[in-house]
Amino acid sequence: MDLHLENITLVYPDGADSLTAVDDVTLTVPAGTTTALLGPSGAGKSSLLAVAAGLTPPTRGQVRIGDDVVLTPTTTVPEATRVRLDRIGIVFQSPQLLASLTALEQLELHAHLRGRRPASLRERAMALLEAVDIADHGHKLPAQLSGGQRQRVAIARALIGEPRVLLVDEPTSALDHDRGTQVVELITGLARQTGAATLLVSHDASTLTSVDATVRMLDARIEEPVPIHARGAAHPPLTVKDET
Ligand code: ADP
Ligand code: MG
C-alpha cells in the first residue's frame, strides 16, 4: 500500500511564539519503493517522520496508508499507537536496542508487543536476521555487536510485524561510507521484497545510490522536484544573432 502524506503541517509551541517545523508537505511513497528525504540539519526531516510514525499528531493535514486515513490532528495517542503497532516499522538514528536481550530476543519481544505470536515466530525472526546478514549473531547481546550490526538488528526488528510502511531516520550517520551505502542497499532491497513503502531520511546523498526517488527538504518545505531535462537548461540560449 502506498504512503501518502497530505498537506502536513507541524507547528511546535515555542514559548509565546511558535515554530513551524513542517510546512504544508505533500508526498507519496509507492509500496515497495524507497524515497530518500534529504536536507540540512533543522530542515524538518525528523519532524515529518515523527508525524508519519504517529509519534506527533500533525497540526494540519493527514497521513493515509492505501485508502485508509490513519493519522489526523484529532487522532488520539492510543489510536496512533495502534496504527504504529499494526502498520508501521521505525528505525531510529541510534538502534535503541535493549541491553539485556539478544538480537533474536529483540525481534521476538517486538512481535509480542504487536500482538503477533505465530508458532513460526522464531523461524520468521531467524529469517529476518538472515535477510539482514547477521544470522550468526542472533544469540549476541547489543554490546557484543558492532554499530553496523546493531543497526541491522534494528532494521530486522522494524520488519518483524510485516509493516506496510517503513520509516528510517539517518541510519548511516554512525557508519562509514561503504557500510552506510550497504545499509541503504539493504533497506531498499527489503522494501522491494516486503512491499513496504519506505521513507528514509539522510543528510548524506553519497550513500543513496540504490533508492528509487529523492526529495529535498529545506526550511520546513519540500523543494519542487526539478525535472531532469530542465537541469541543464537554467540559462536557455537567447536569440542567436546571425553572423553576417
Ligand atoms: P532535521 O531532522 O531535518 O534536522 P528536525 O525535524 O529535527 O530537523 O527539526 C526541525 C525544526 O524543529 C528545528 O528548528 C528544531 O529545532 C525544531 N524542533 C524539533 N523538535 C522539536 C520539539 N520537540 N519541540 C520544539 N521544536 C522542535
Ligand atoms: Mg533529524
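Ligands are counted one by one from 1 in listed order, and the atoms in each one are counted from 1 as well. Note that this is a predicted model, so its numbers are computed, not measured.
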Can you confirm whether R179 is buried at CZ, in the sense that more than 12 heavy atoms of other residues, nucleotides or ligands lie under 6.0 Å from that atom?
no
With 2.8 Å as the threshold, which protein atoms of type N, O or S lie near the Mg ion (ligand 2)? Leave waters out.
S46 OG
For D176, does the CG atom have more than 12 heavy-atom neighbours from other residues, nucleotides or ligands under 6.0 Å away?
yes
Taking N7's backbone N and O only, do any of them form a donor-acceptor pair with T26's side chain (distance below 3.5 Å, no angle check)?
yes
Atom pairs, nitrogen or oxygen, ligand 1 to protein, under 3.5 angstrom:
| unit_1 | atom_1 | unit_2 | atom_2 | d |
| --- | --- | --- | --- | --- |
| ligand 1 | 2 (O) | S46 | N | 2.9 |
| ligand 1 | 2 (O) | S46 | OG | 2.9 |
| ligand 1 | 3 (O) | A43 | N | 3.2 |
| ligand 1 | 3 (O) | G44 | N | 3.0 |
| ligand 1 | 3 (O) | K45 | N | 2.9 |
| ligand 1 | 3 (O) | K45 | NZ | 2.8 |
| ligand 1 | 4 (O) | G42 | N | 2.7 |
| ligand 1 | 6 (O) | S47 | N | 2.9 |
| ligand 1 | 6 (O) | S47 | OG | 2.6 |
| ligand 1 | 8 (O) | G44 | N | 3.2 |
| ligand 1 | 20 (N) | Y12 | OH | 3.4 |

Just wondering, are more than 12 heavy atoms of other shown residues or ligands nearer than 6.0 Å to CG in D14?
yes
Straight-line distance of T28 OG1 to L3 CG, nearest 0.5 Å:
7.5 Å
How long is the gap from CD1 on I187 to CD on Q182, to the nearest 0.5 Å?
12.0 Å
Look at the side chain of Q151 and the backbone N and O of T172, then say whether any donor-acceptor pair between them is shorter than 3.5 Å.
no
Restricting to non-hydrogen atoms, name the atom on H112 and the atom on L121 that form the minimum distance, rounded to 0.1 Å.
NE2-CD2, 3.9 Å
Given side chains that start at C-beta, do those of Q106 and I160 come closer than 4.5 Å, heavy atoms only?
no
